[in-house]
Amino acid sequence: MALTFFDVLGRKFVSRSIPGSLELTELLMVVVIFAALPLVSLRGEHVEFDSLDPYLPRWVRTLQQVLVNALVGVGLLALGWLMWRTGGDFASFGETTAQLQIPKYPFIYGMGVMCALAGLVHLALMRWRVQHGEEPREGTAL
Amino acid sequence: MIESLLGFGAIFLLALMRIPLAFAMGIVGFLGVGLTRGWVPALASTSQVVYETGFAYTLSVIPLFILMGNFVARAGLAHELFQAAYAFIGHLRGGLAHATIAACAGFGAICGSSIATAATMSKVAYPSMRDLGYSNSLSTGVMAAGGTLGIMIPPSTILVIYGIITETNIGKLFAAGVLPGLLTASMLMLAVWIITLRDPEHAPPGKRHSWSERWRALRGIWGVVVLVIVVLGGIYGGFFTATEGAGFGAAGAFLFALLRGRLTWPILFQVLVESARTTAMLFTLLIAATMFANFVNFTTLPGDLRDFITKSGLTPTMIIVAMMGIYVLLGTVMEELTMVLLTIPLFFPIVTSLGFDPLWFGVLIVMIVQIGLISPPVGMNLFVLNALLPGVSLADIFRGCWPLVLTMVLTLGILIAFPQISLFLPSLMQ
Amino acid sequence: QTVLTTSSWVPPTHALTVAQKEWCDLVEKNSKNKIKCNHLPRAVAAPPGTFDAIKNGLADVSFTVHGYTPGRFTLTQMAEFPFLGDAAEPMSVAFNKVAMQHPEFLKEHEGVKVLAFFTHGPGIVFNTKRPVTKLEDLQGLKWRVGGGMVNEISKTLGMNVTLKPAPESYELLSGGVMDGTLFPAESIESFKLGPLIKHATTFPGGLYNTSFVFMMNPAKYDKLSPEEKKAVDDASGEVAARLIGKHWDRVDQAAMKSMEANKVQVIKADQKLVGDVKSRTKALEERWAKEAEGKGLKNAEKVLADFRAEIAKQSK
Ligand code: NA
Ligand code: NA
């Protein structure tokens, strides 16, 4: 999965005028981002406003974790369903990329599957957090 | 107007309940579009935003710069940078603190992340400062503040995100960040000089290096110099676009890490997965911010806000100063990426309608983020240092960064007063 | 009162946004102020997503380029061939007329109400390096092109092309990443490329064109009262095609003037070059005819010939 990054990189580095390198970059990016989504969920790396945490009693935080994970999990499952449906639309139109004419719908089905998987991760975490509490997080984006 | 204010309120409320920001914005955006346009359009819009953000070529600049930063951190280039700076100015009073700031600026020129810069420096510079007897407050303050140079001196994740959501040219934004970054570095050094002048106990002088040692140390940083010239020179010189520059930089940083023998298969795998995770996290935020912006687009808010401001009788500069004041205050308690993503769709149209340059506003936003990252009580750089240096108390870190926060606020004032500092280099790119 | 929400993915001053506003004003007048437009400050979707955005009712009225969604539209590529016409207005009117005569065109647009088909002005070859007078010159430089038939045309001519969105042109050309671009004159003005471009080569009737559709959400249309429907209908079809074409032509002319001011060397392609292009792109027309017939359009070659004849008639 992550090695696709390499493809992007090699393609960029070796030649900039490979026909369709732009499209491949886009497709690979879609694969990388959505494949990593369940991992982000698993490690609780989504940006959250946690400044209130020190002021809340432990049971409130546990309850909060359960509710939040339930909501996010259901939301992601719904998004997965929506993207799967969109993938079906793309399959029926036969829309392709412009240069290489790669059909787009398998990638959109993939988006749907990964969103749903991330949703399942949150639902699983909902149970797990109750038993184990939470992990410390650190942001890396900024 | 009312609908979108309710929307903003709802996001804050959801975020306070610790719902991840991306989901808070996404849910409110979805409900907002659903209520104003109908549910079929809302569903269609959601899938469209997800699909379009995923397939957006220009966004590939984000994973590539993140990858570049992660490889650079693994290649150990930061160590050489610090050694070179130490060799030249380490013998002065507070010399190691100055050297840390200089090394941060150099590292910032290849790494786009403030937190990564601070974290890397904590491994490289902190041991030397501790051994020389520097106070914990000064050394951590300098690392935290110096680390923020990572996002002002290009490349910069925050400038890329700003460029994408405001449709501003990323190459030019990068050019705009160079002088303000150097100015910030100089201001921080000035602050260190004043601190150590008033209280020499903070920072005993280090060892003086011979010129031959200095040249040898300088040779150690050729790798950094080459990367900076290739990537930034290539973008400014028009050899390639920001996205392609990021691709080259990532490949270059990979080669460095490889040549230095710092890459094993597990480390490589770790770097790739880590970069992919960070990218995925940022993309969920971008998707959600777009969903929310789509909702705001259907409301009358942008127009109403503009009318309100034109009727308020404030001069454009006063409005900018007021905005920055709000940002600095918000930045003390809020996570900065949240703050920027939430407010840009609201503030940016006002700023451009007042006739200000989007490049300049981008630089101000970065400065705001820099300040927020090191202003207690909620400052991500401070938390990272606290996590990485278990021997230093958070109170020490807080104490050390206050003077530097004030210095950066002063720098922000200078950047507002003299837009030329930000706009000079981009103007050469025409 | 009925409100039509319009969306535009080009800047507020662009010919298309201005034309769309003017269309709204016309509808407003036709309906005796029963219909009003709400022009959104930002586009509801990126250009390729606009068709679906209208279909799904995210906005009520907008326009899109067929070539932005490769694989979805075949028949409309008819309006993208070389040597069609020298101005957007007659081409748009003829395109709209011929396409509306054949229900197969509307069938490709299932899910939206087509208000009008239209094209931009003649496609021109612009570059920053050297005068392009023969086929080899075209083959020796690096070009940015948009999607659709222009992509096929340039490939057939052996050009070294990269597909990039139009708004990125400035960065690509100013940086020297690309040497030139294929555009109607108008885009040189709209994307502020005037100072960069050194050479232009024009072809009689244009080297290529781009087919657009101006459309409305069908559910919104169905909800209108009979009078309101009439107000929309009266402003659509040929009226809209003509209106938009006029705006393209206006900016095309201004662009040619400013090219003069910027001392751009404008070359008219000679007979040899035109002949070379013609002989190579002939096969594209044949291929299109086959694909179009596969999609149910009978006598595709004749439809194309009718289209050319109609342009000639409208151009008089
Ligand atoms: Na940087
Ligand atoms: Na903060």
Side-chain angles (χ1 to χ4, degrees), chain B residues 33-34 36-59 163 165-172 234-245 290-291 293-306 345 348-349 352-353 429-430, chain C residues 3-12 38-60 62 68-70 111-112 128 142 144 162-165 167-179 191-196 217-220 223:
Chain B
V33 174
T36 50
R37 289 294 303 175
W39 298 105
V40 175
L43 283 173
S45 159
T46 305
S47 65
Q48 200 158 21
V49 170
V50 172
Y51 153 79
E52 276 172 8
T53 314
F55 277 97
Y57 173 72
T58 39
L59 294 186
I165 52 182
T166 64
E167 290 169 353
T168 309
N169 182 317
I170 293 168
K172 285 190 182 168
I235 296 174
Y236 300 146
F239 185 65
F240 37 56
T241 60
T243 314
E244 287 159 342
T290 313
M291 285 171 68
N294 275 350
F295 159 55
V296 172
N297 192 31
F298 286 119
T299 68
T300 53
L301 181 77
D304 289 349
L305 212 57
R306 236 165 297 166
F348 184 75
T352 46
S353 73
M429 282 175 80
Q430 289 295 331
Chain C
V3 177
L4 296 182
T5 304
T6 71
S7 168
S8 166
W9 41 266
V10 286
N38 170 25
H39 305 286
L40 294 176
R42 242 166 43 92
V44 288
T50 306
F51 186 85
D52 288 335
I54 296 301
K55 186 172 130 185
N56 294 314
L58 201 51
D60 300 324
S62 191
Y68 283 161
T69 43
V112 306
T128 60
K142 284 178 291 173
R144 180 221 74 94
T162 302
L163 284 162
K164 296 259 186 184
E168 281 180 36
S169 306
Y170 188 90
E171 198 187 342
L172 293 167
L173 290 181
S174 65
V177 178
M178 296 283 146
D179 302 317
F191 298 110
K192 302 189 177 69
L193 303 176
L196 294 176
N217 174 264
K220 184 77 183 188
K223 260 187 263 161

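So that the names make sense, note that chain A is the first sequence line, chain B the second, and so on, each numbered from 1.
Residues C:R42 and B:N294 come closest through the heavy atom pair NH2-OD1, 2.7 Å. Smallest separation of non-hydrogen atoms from C:A43 and B:N297: O-ND2, 4.1 Å. Closest approach of B:E52 to C:A45, counting heavy atoms only: OE2-CB, 3.9 Å. Scanning all heavy atoms of the two residues, the minimum distance from B:P41 to C:G57 falls at CG-O, 3.5 Å.
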Q) Under the side-chain contact (heavy atoms from CB on, under 4.5 Å) criterion, do B:R37 and C:D60 qualify, and how do the steps go? A) CA-CA 10 Å; B:R37 289 294 303 175; C:D60 300 324; 2.8 Å; yes
Q: Decide yes or no on side-chain contact (heavy atoms from CB on, under 4.5 Å) for B:F298 and C:L58, but give the supporting numbers first.
A: CA-CA 10 Å; B:F298 286 119; C:L58 201 51; 4.1 Å; yes
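In this structure, C:T50 and B:Q48 have side chains that are not in contact, with every pair of non-hydrogen atoms separated by 4.5 Å or more.
Interatomic distance, B:W39 CH2 to C:N56 CG, rounded to the nearest 0.5 Å: 15.5 Å.
Counting heavy-atom pairs under 4.5 Å between each of B:V296, B:V40, B:T290, B:N169 and chain C puts B:N169 at the top.
If you measure heavy-atom distances from B:V33 to chain C, the contacts under 4.5 Å come from the side chain alone.
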